[in-house]
Amino acid sequence: AAEGWRTLMHLADECEEMVEDAALAIDHAAPWREVVEQVAAGTEDTMIPGDVGATLAAAASHAEHHGLVGCSVGSLPQLEVISEEGAFETVLAPWGGYDPPAGGNRPRPPTIRVAREAYPWIGASVVATWWGVPGAHLMWAGTAEVAQSQVRRQSQSSGAVGGWILYAGHMMEQTGFFADPGALLLHRAFRLHAIHLALVDIGLHTRGWATLDGLNHLTTHLPYPRSLLLADVRRIATEPTASLGAALGERSLLVLHEEWREAGHLTTAADLHRALFRYGGISLALAQWGLRGEP
């Protein structure tokens, strides 16, 4: 836990510098938190399904064009986007999320849930990137296509799933998807949010923090409404190590990507991604062990 804390504090400092750079491109005078608030205030939340739907298509096209996919985009099931307002789920999942398709007696298409209160703080680009393609929806679809084991297809380790979502956002930023300065700022701020959630995860479960300690940490470092951050703390309390696994999982995937690049295994990032999909949602340590060809 102590090593994780030190690593995350370093990542938070690096990420906050990136957030500040993005904010300076919009307003040279205001602190970055105020600039995030300005951008959020200008985000319309009245047309969430339509806006997100259009951006989902743009994100998928960008990811495929830049070699980030690793499976056939045309064969992916159609995503449904729903807007939640005061829903029960937002008590523990204040930002929304991705639900894979379900069969049986209650069939359901793959769905992105967008919490109306949270939407202005993240916008359509973050929603589409993190939960569509190349984010959670791509990981589910790629795993379903190439993973041979039910264990791998059904596993949901936080490092693999949460880490993939953050990694996908990073890859989209690196390839220029967030061309709009406001969208780039919201994306970088939300990645900083993920890192601080991991710090709260460590605080609650290894440092004796109470709910108020976790909430105070988040409100000190982030510009988001208190109600959303309180829901974040509740979820962290019910899912120990999930936020930590996501933040460190992204770091592991970036290291693995660099290893493949240096070894000459990459024609495009999709080569690594398709290989990763064979392992599904099992622990990234096991996936790395397999990908590195270790006995």
Side-chain angles (χ1 to χ4, degrees), residues 43-64 68-145 147 150 152-158 160-169 172 177 186-187 190 193-194 228 231-232 234-235 238-239 242-243 246 273 277 280-281:
T43 302
E44 295 288 340
D45 65 354
T46 55
M47 300 293 290
I48 290 176
D51 290 346
V52 171
T55 311
L56 281 167
S61 176
H62 178 96
E64 188 169 35
L68 304 180
V69 177
C71 66
S72 174
V73 170
S75 65
L76 299 187
Q78 186 69 35
L79 274 164
E80 180 178 322
V81 180
I82 60 174
S83 175
E84 296 177 335
E85 185 170 5
F88 169 78
E89 289 85 353
T90 61
V91 174
L92 293 176
W95 305 92
Y98 171 76
D99 295 324
N105 296 329
R106 302 180 66 181
R108 180 192 65 224
T111 304
I112 289 179
R113 295 175 286 101
V114 183
R116 187 170 293 278
E117 181 185 1
Y119 180 71
W121 298 97
I122 51 178
S125 294
V126 170
V127 172
T129 298
W130 285 36
W131 297 321
V133 175
H137 186 48
L138 175 63
M139 184 181 187
W140 171 84
T143 296
E145 181 178 303
Q150 281 287 354
R152 296 183 182 191
R153 287 198 291 268
Q154 299 300 324
S155 295
Q156 294 285 308
S157 74
S158 58
V161 179
W164 173 266
I165 291 170
L166 292 169
Y167 166 81
M172 290 289 273
F177 178 68
L186 294 182
H187 176 256
F190 205 44
H193 165 257
L228 298 178
D232 278 327
R234 290 195 198 102
R235 182 186 57 76
T238 64
E239 298 178 358
S243 296
H273 299 170
F277 294 153

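Numbering of residues begins at 1 and proceeds along the displayed sequence. Quick caveat: nothing in here was measured; it's all calculated off a predicted structure.
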Do the side chain of [X] and the main chain of [Y] share a donor and acceptor less than 3.5 angstrom apart?
| X | Y | value |
| --- | --- | --- |
| Arg108 | Pro100 | yes |
| Trp164 | Gly135 | yes |
| Ser157 | Gly281 | yes |
| Thr129 | Val126 | no |
| Arg113 | Asp99 | no |

Closest approach of [X] and [Y], non-hydrogen atoms and distance?
| X | Y | result |
| --- | --- | --- |
| Leu56 | Gly132 | CD2-CA, 3.7 Å |
| Ala115 | Pro94 | CB-O, 3.0 Å |
| Ala160 | Gly280 | CB-O, 4.2 Å |
| Pro77 | Trp140 | CG-CZ3, 3.5 Å |
| Pro109 | Gln78 | CB-O, 4.5 Å |
| Val133 | Ala63 | CG1-CB, 4.4 Å |

### Message
Using side-chain contact (heavy atoms from CB on, under 4.5 Å), reason through Leu166 and Trp130 one step at a time and then give a plain yes or no.
### Response
CA-CA 7 Å; Leu166 292 169; Trp130 285 36; 3.3 Å; yes
Gap separating the [atom1] atom of [X] from the [atom2] atom of [Y], nearest 0.5 angstrom:
| X | Y | atom1 | atom2 | result |
| --- | --- | --- | --- | --- |
| Glu84 | Glu117 | CD | CD | 12.0 Å |
| Leu228 | Ile122 | CG | CD1 | 9.5 Å |
| His187 | Phe177 | NE2 | CZ | 10.0 Å |
| Glu145 | Leu76 | CD | CG | 8.0 Å |
| Tyr98 | Met139 | OH | CE | 11.0 Å |
| Arg116 | Ile82 | CZ | CD1 | 11.5 Å |

Any [X] side-chain heavy atom under 4.5 Å of [Y] side chain:
| X | Y | answer |
| --- | --- | --- |
| Arg235 | Ser243 | yes |
| Val127 | Thr55 | no |
| His193 | Trp95 | yes |

### Qualifying residue for side-chain contact (heavy atoms from CB on, under 4.5 Å) with Ser83, from Val52, Ile48, Ile112
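Result for side-chain contact (heavy atoms from CB on, under 4.5 Å) with Ser83: Ile48.
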